[in-house]
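Any value given below was found using the heavy atoms of this structure, including those in side chains, with hydrogens, waters and symmetry copies removed.
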Amino acid sequence: MNKTKAKMSTADKLRAKYKSVDRSFILFLMTSFQVISFTPVIFGESEIHFEVAAMLLFYIVFEWLYVALASALFKKVNFELEFIAFFLSGIGMCLSASVDRGSMLKQLITVIGGVIVYDILLWFIMDVNRVMALRTPLAIFSLVFLAGSFVYIKIFVGDINGAYNWIAFKGFSLQPSEFVKIAFIFVGAATLDKLLTAKNIYMYVLFAMGCIGVLFLMKDFGTALIFFFTFIVIAFMRSGDLRTIIFICAAALIGAVLIIYFRPHVAARFAAYRHIWEDVYGRGYQQTRVLIYAVSGGLFGLGVGNGALRHVYAATTDLVFGMICEEMGIFIAFVIVITFAFIAIYALISSRSAPSTFYSIAACSASAMLLFQICLNIFGITDILPLTGVTLPFISQGGSSMICSWALFAFIKSADVRAYPKLYKS
């Protein structure tokens, strides 16, 4: 009885400390923004696009129903991450629909699929025993799946833009590395959750190096960098040994130099870095257009559908942040950056009172993975870093990326004590 009272007392303190936002007010603001954003897409130059309006209405109703049902049936009290995901996904759908109205339906379906994956994964990892039982089979399956995908792509599909990271079949495409990201966090956090032993370290190092090695064979260097950075974060969180991390980074740097020396085609992919203005109609075409068109939007943008960057290849995928700057304005772009920063802060705060070390590691590593990917995307298209072709989470067009982004949010949400209402039920 005393333990129950103590637990309730702790819960009350935590709930008082992390007060939930007014859900209806936030939903109203988000709905208003989405309606305003989609208006120029729905009311085209010569006709009204009723199919876009219908899909927008469905999306808005889905958002409201999700929050209402989650509150009533599952007693959820906090929706900060869900609001962020819905907000960013809505921007992505708007920009995609403005370029190709047919793509909005695919994005809408993948958002719904992402929400389903988010809820299922969040439910599954709430039981640490289930997590521990699945970590080894999932690690083996992920390596086999990634390696098998590479072999299949190499033989039957061929490279797409110089990389072997897409499975394409009769209009359907899949990026295997996006799904392995989920397993990478899952296995890493689960393996290093318990007492740090040599066996645990060797298991995860082998798994991580195996994934990164296959990604290099696929020439998916951006994702390989994301995996390596996430591995460093997970290893440091569990060991706290800065010297070990420095040693790992030094070894990786030496390996990268050797790869570039013996495999010149790798270096050729980054030849335009810091030299984009020397070849504005060749290797530097995309980045120079991003820099030119992004600043032309000013503070509030030219309006959705009025930009020039939309006519450049990969405008709604790799270059979508530049498109946001041009058509929606620097202000909205800044809000998006702040939103992503909030995700990292949310993960750090939640991890301090997480029910288990697994959730702390999973939340921080998942947020680090997202944050590093965002930096690679934004800094890559602006030539601050080499262009690696990674997507902007939730916003870039693509089903694999959308589902993966929602799944990573499940890891971040799992560290929040408010996600466990039954644990403190009186």
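- Scanning both residues, S96 and Q397, for their nearest heavy atoms gives OG-OE1, 3.5 Å.
- Between M328 and F300, every side-chain heavy-atom pair lies at or beyond the 4.5 Å cut-off.
- You'll find the side chain of I60 reaches within 4.5 Å of the side chain of V35, heavy atoms only.
- Atom CZ of R352 is separated from atom CD1 of I349 by 7.5 Å, given to the nearest 0.5 angstrom.
- A donor-acceptor pair under 3.5 Å is formed between the side chain of S367 and the backbone N or O of C364.
- S396 places a side-chain N or O within 3.5 Å of a backbone atom of T317 that can act as its donor or acceptor partner.
- Of the inter-residue distances, the one linking E326 atom CD with L319 atom CG reads 11.0 Å to the nearest 0.5 angstrom.
- Side-chain contact between M323 and Y293 is absent, with no heavy-atom pair separated by less than 4.5 Å.
- The minimum heavy-atom distance linking C404 with I182 is given by the pair CA-CD1, 4.2 Å.
- Here the straight-line distance linking atom CD1 of I276 with atom OH of Y285 works out to 13.5 Å at 0.5 Å rounding.
- Taking the six-membered ring where the residue is Trp, F62 and F86 present perpendicular rings, their angle passing 60° and hence far from 30°.
- A distance-only check finds no donor-acceptor pair linking the side chain of S350 to the backbone of A347 [under 3.5 Å].
- Atom CZ of F124 sits in a crowded spot, with more than 12 heavy atoms from other residues, nucleotides or ligands closer than 6.0 Å.
- F340 contributes atom CZ, which lies 7.5 Å from atom CG of L370 (distance to the nearest 0.5 angstrom).
- Between F186 and F411, the angle of the ring planes goes over 60°, which puts this pair in the perpendicular group of the 30/60° scheme.
- A donor-acceptor contact shorter than 3.5 Å links the side chain of S356 to the backbone of F358.
- The stretch residues 33-43 participates, sequence neighbours left out, in these side-chain hydrogen bond (donor to acceptor under 3.5 Å, both in side chains) pairs: Q34-E63.
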task: Starting from the C-alpha separation in whole Å, work towards a yes-or-no answer on side chain to side chain contact (heavy atoms under 4.5 Å, CB included) for I140 and F207.
output: CA-CA 8 Å; I140 296 172; F207 171 68; over 6 Å; no

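- Pairs engaging residues 390-415 under the salt bridge (charged side-chain N to carboxylate O under 4.0 Å, His left out) rule: E82-K413 [sequence neighbours left out].
- In terms of modelled atom types and a separation under 3.5 Å, the side chain of R274 and the main chain of D383 share a donor-acceptor contact.
- For I125 against S414, the heavy-atom pair with the smallest separation is CD1-CB, 3.6 Å.
- One N or O on the side chain of S360 and one on the backbone of S351 form a donor-acceptor pair closer than 3.5 Å.
- Atom CZ of F38 sits about 11.5 Å away from atom CG of L57, to the nearest 0.5 Å.
- At least one donor-acceptor pair closer than 3.5 Å links the side chain of Y359 to the backbone N or O of M126.
- Aromatic ring orientation, F141 versus F145: parallel (interplanar angle below 30°, classes split at 30° and 60°).
- Under the 4.5 Å side-chain criterion, counting only non-hydrogen atoms from C-beta, L146 is in contact with M218.
- Within the 4.5 Å cutoff, the side chain of I91 has no heavy atoms near those of the F394 side chain.
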- request: Decide yes or no on side chain to side chain donor-acceptor pair (under 3.5 Å) for Y164 and D220, but give the supporting numbers first.
  value: CA-CA 7 Å; Y164 299 91; D220 191 355; over 6 Å; no

message: Working note: T31 + W64, criterion side chain to side chain donor-acceptor pair (under 3.5 Å); need CA distance, chi angles, decisive distance, verdict.
response: CA-CA 9 Å; T31 298; W64 282 81; 3.0 Å; yes

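- Shortest non-hydrogen contact noted between V233 and S365 is CG1-CA, 4.2 Å.
- A distance-only check finds no donor-acceptor pair linking the side chain of N165 to the backbone of P176 [under 3.5 Å].
- Between the N306 side chain and the L302 main chain, a donor and an acceptor come within less than 3.5 Å of each other.
- Note that R130 lies in the cation-pi zone of W123, set by a 6.0 Å cut-off to the ring centre and a 45° limit from the axis.
- I153 CD1 to I167 CD1: the interatomic distance, rounded to the nearest 0.5 Å, is 4.5 Å.
- Residues T288 and L291 fail the side-chain proximity criterion, which asks for heavy atoms closer than 4.5 Å.
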query: Checking side chain to side chain contact (heavy atoms under 4.5 Å, CB included) for the pair F179/L174: CA distance, chi angles, key distance, verdict?
result: CA-CA 9 Å; F179 296 97; L174 176 73; 2.9 Å; yes

message: Between F342 and I338, does the side chain to side chain contact (heavy atoms under 4.5 Å, CB included) criterion hold? Intermediate values first, please.
response: CA-CA 6 Å; F342 169 80; I338 293 299; 5.6 Å; no

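- Residues satisfying the salt bridge (charged side-chain N to carboxylate O under 4.0 Å, His left out) test with R310, not counting sequence neighbours, are E327.
- Using a 4.0 Å cut-off between charged nitrogen and carboxylate oxygen, D119 and K76 count as a salt-bridge pair.
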- request: Test Q286 against I381 for side chain to side chain contact (heavy atoms under 4.5 Å, CB included), laying out the working first.
  value: CA-CA 8 Å; Q286 289 178 303; I381 64 175; over 6 Å; no

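- When all heavy atoms of M104 and L56 are compared, the closest pair comes out as CE-N, 3.7 Å.
- The ring of Y118 has its center no closer than 6.0 angstrom to the ring center of F409.
- Using a cutoff of 4.0 Å between basic side-chain nitrogens and carboxylate oxygens, R418 and E80 are scored as salt-bridged.
- Side-chain contact between T391 and Q373 is present, with at least one heavy-atom pair separated by less than 4.5 Å.
- Heavy atoms only, all atoms of each residue included: W406 and S89 are closest at NE1-OG, 4.0 Å.
- A 4.5 Å side-chain heavy-atom check between M55 and Y59 finds every atom pair outside the cut-off.
- In the model, D416 has a side-chain atom that pairs as donor or acceptor with a side-chain atom of N78 under 3.5 Å.
- A donor-acceptor pair is defined here as one N or O able to donate and one able to accept, closer than 3.5 Å; such a pair exists between the side chain of S400 and the backbone of Q175.
- Ring geometry for Y204 against F231 counts as tilted: the plane angle lies between 30° and 60°, on a 0 to 90° scale.
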